[in-house]
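The structure under discussion appears below in the form of structure tokens.
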There are 2 protein chains.
Amino acid sequence: MLLSTKGDYGVRALIDLAKHTGEGPVQRAEIARRRKIPESYLDHLLAQLRRDGYLRSTRGPGGGHELAKEPADITLLEVLESLEGSLAPMECVLEAPGSEAGALCGQQWVWQDIYAHMRQRLGETTVADLVEHEREHERQAAAMYSI
Amino acid sequence: MLLSTKGDYGVRALIDLAKHTGEGPVQRAEIARRRKIPESYLDHLLAQLRRDGYLRSTRGPGGGHELAKEPADITLLEVLESLEGSLAPMECVLEAPGSEAGALCGQQWVWQDIYAHMRQRLGETTVADLVEHEREHERQAAAMYSI
DNA sequence: ATAATTCACGACTAGTTCGGTCAAGATTGT
DNA sequence: ACAATCTTGACCGAACTAGTCGTGAATTAT
């Protein structure tokens with residue numbers, strides 16, 4: 001797996017926060033319950049996201065977490081790289097294309113192509129898109145149920 | 001990283017064998033030296049590739065390893081999945097698109113798209129292509145040197 | 001003041017994977 | 001017999017994963 005649960009859970013949390021913008025701070029426990037994330041683990045991910053400026057937190061009763069940016073201004077690429085580090089699929093894609101290490105690898109050119117496509121897709125997808133997709137999914141589920 | 005050194009080294013070994021088809025068995029030590037792979041580690045990778053039918057080995061003096069298939073009939077996809085297991089970039093891409101786990105994930109649709117593209121590219125690239133690319137690289141390097 | 005609520009931060013842990021090494025054995029050529 | 005070569009499995013340290021837990025700090029309600 002390229003992504004660990006960090007990238008999965010962290011994005012889930014951002015989606016949850018994006019869906020509740022303008023309703024005041026959302027508590028960790030709520031996010032954890034709704035998105036099925038162990039609460040004490042979510043802690044670390046929220047801390048990371050806060051350090052990188054994606055959300056701000058307030059303590060005390062009525063406190064919680066809020067997005068610090070517009071959902072449409074947060075790309076999947078930047079969030080995942082914040083949570084997971086580099087998304088390079090293999091070591092040698094990070095080497096220069098003409099380098100000795102790149103040539104020794106033998107599959108560098110294939111993976112650099114795949115990596116570029118991956119970053120393109122992740123870079124053009126925002127948290128707002130993810131929320132929109134989820135809302136669409138909910139509408140379809142509701143329609144099914146009403147039949 | 002999605003790929004460990006297994007996928008890297010294993011493919012290097014296949015490229016090396018493909019380049020020496022028709023010259024009789026190639027020894028482990030030769031491959032290890034040319035491709036900069038720890039020999040006793042390469043051992044395991046050759047064993048895996050043999051089990052999956054990509055090469056055959058002969059023991060004793062003059063023994064070594066040979067490809068069991070045409071280089072053009074070995075795709076990068078199958079080799080890497082043999083060496084690394086599933087290349088799924090995250091857990092939820094393996095869930096059904098409409099499932100509960102898929103919906104909970106939130107980014108499933110994006111990654112299924114990326115995964116499909118990745119498999120497409122890897123599936124249409126063969127060991128023969130990798131060898132050809134390497135030969136092209138060598139020609140260019142030789143041209144540079146002759147100036 | 002003080003109690004209750006909520007986040008903040010770091011220590012700790014069990015389990016797994018990574019990237020190997022090493023030793024003992026099997027097989028074959030000379 | 002002996003040397004070259006592959007075969008197999010045991011073993012190992014370091015790093016990473018996916019958490020838990022405890023203490024403390026900030027804020028609000030009473």
Side-chain angles (χ1 to χ4, degrees), chain A residues 1-13 16-17 24-33 35-68 80 83-92, chain B residues 1-13 16-17 24-33 35-68 80 83-92:
Chain A
M1 301 284 173
L2 178 61
L3 271 59
S4 65
T5 55
K6 289 194 188 82
D8 182 356
Y9 292 166
V11 170
R12 289 190 204 188
D16 203 76
L17 290 178
V26 180
Q27 282 140 33
R28 196 167 65 181
E30 273 188 84
I31 304 173
R33 180 178 45 75
R35 303 288 162 165
K36 300 264 203 305
I37 307 170
E39 189 180 339
S40 44
Y41 188 45
L42 177 57
D43 213 12
H44 297 330
L45 309 177
L46 291 174
Q48 181 66 48
L49 291 169
R50 180 166 12 86
R51 274 193 293 276
D52 287 353
Y54 296 108
L55 50 86
R56 69 183 101 74
S57 314
T58 49
R59 300 199 246 206
H65 309 270
E66 297 171 278
L67 282 189
L80 290 177
L83 292 163
E84 299 271 1
S86 166
L87 299 181
M90 73 183 303
E91 190 68 33
C92 73
Chain B
M1 302 284 173
L2 178 60
L3 270 60
S4 65
T5 55
K6 290 194 188 82
D8 183 355
Y9 292 166
V11 170
R12 288 190 205 189
D16 203 77
L17 290 178
V26 180
Q27 281 141 34
R28 195 167 66 178
E30 272 188 83
I31 304 173
R33 181 178 45 76
R35 303 287 162 165
K36 301 264 203 306
I37 307 170
E39 190 180 337
S40 43
Y41 188 44
L42 176 58
D43 230 15
H44 298 328
L45 309 177
L46 292 174
Q48 180 67 48
L49 291 169
R50 178 166 13 85
R51 274 193 292 277
D52 286 353
Y54 296 108
L55 50 86
R56 69 182 101 75
S57 316
T58 49
R59 300 199 245 205
H65 308 269
E66 297 171 278
L67 283 191
L80 289 176
L83 291 164
E84 299 272 0
S86 166
L87 299 182
M90 73 182 302
E91 190 67 33
C92 72

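Chain naming here is simple, since letters A, B, ... match the order of the sequence lines and numbering starts at 1 in each.
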Are the charged groups of B:D8 and B:R12 less than 4.0 angstrom apart, N to O? yes

Atom pair distance, as rounded to whole Å: CG in A:L3 and C1' in D:dT17: 13 Å

Show, in sequence, the C-alpha distance, side-chain angles and deciding distance for A:K6 and A:Y41, and conclude whether the side chain to side chain contact (heavy atoms under 4.5 Å, CB included) test is met. CA-CA 9 Å; A:K6 289 194 188 82; A:Y41 188 45; 3.6 Å; yes

One character per nucleotide, please: for nucleotides 22-30 of chain D, 5' to 3', B when the base has a protein heavy atom closer than 4.0 Å, S when only the sugar-phosphate does, - otherwise. --BBSBS--

Distance, rounded to the nearest Å, where B:E30 contributes CD and D:dC6 contributes C1': 14 Å

D:dC6 C1' sits how many Å from B:L17 CG, rounded? 14 Å

Atom NZ of A:K6 and atom C1' of D:dT17 are separated, to the nearest Å, by 6 Å

Across the strands shown, which category fits B:S40 at heavy-atom distances under 4.0 angstrom: base, sugar-phosphate, nothing? base

Roughly how far, to the nearest 0.5 Å, is the CD atom of B:E39 from the CD1 atom of B:I31? 9.5 Å

Between OH of A:Y9 and C1' of D:dT17 the distance, given in whole Å, is 11 Å

Please report the interatomic distance NE2(A:H65) to CG(A:L55), rounded to the nearest 0.5 Å. 7.0 Å

List in numerical order all residues of residues 47-56 of chain A for which some heavy atom is under 4.0 Å away from an atom belonging to DNA chain C. A:R50

What is the 5' to 3' range of DNA chain C, first to last nucleotide, that sits under 4.0 Å from any heavy atom of chain B? C:dC18 to C:dG29

Gap between atom CD1 of B:I37 and atom OG1 of B:T5 - 0.5 Å precision: 9.5 Å

When the distance from CG of B:L42 to C1' of D:dT5 is rounded to whole Å, what number comes out? 13 Å

Is the distance from OP1 or OP2 of D:dC21 to the nearest side-chain N or O of A:Y41 less than 4.0 Å? no

Test log, rule side chain to side chain contact (heavy atoms under 4.5 Å, CB included), inputs B:R50 and B:R56: CA-CA 6 Å; B:R50 178 166 13 85; B:R56 69 182 101 75; 5.8 Å; no

Looking for any heavy atom pair under 4.0 Å, which part of the strands does A:H44 touch: base, sugar-phosphate only, or nothing? base

Quick one: does B:E84's side chain have a donor or acceptor within less than 3.5 Å of a partner on B:S4's backbone? yes

Closest-nucleotide mapping onto DNA chain D: is B:L46 or A:E39 further toward the 5' terminus? I mean the 5' end. B:L46

Donor-acceptor under 3.5 Å (B:E66 side chain, B:V26 main chain): no

Straight-line distance of A:T58 OG1 to A:Q27 CD, nearest 0.5 Å: 9.0 Å

Looking at CG of A:L67 and CG of A:L17, how far apart are the two atoms once the value is rounded to the nearest 0.5 Å? 5.0 Å

Interatomic distance where CD1 belongs to A:I37 and C1' belongs to D:dG19 [whole Å]: 13 Å

Here the gap from A:L83 atom CG to A:Y54 atom OH, rounded to the nearest 0.5 Å, amounts to 8.5 Å

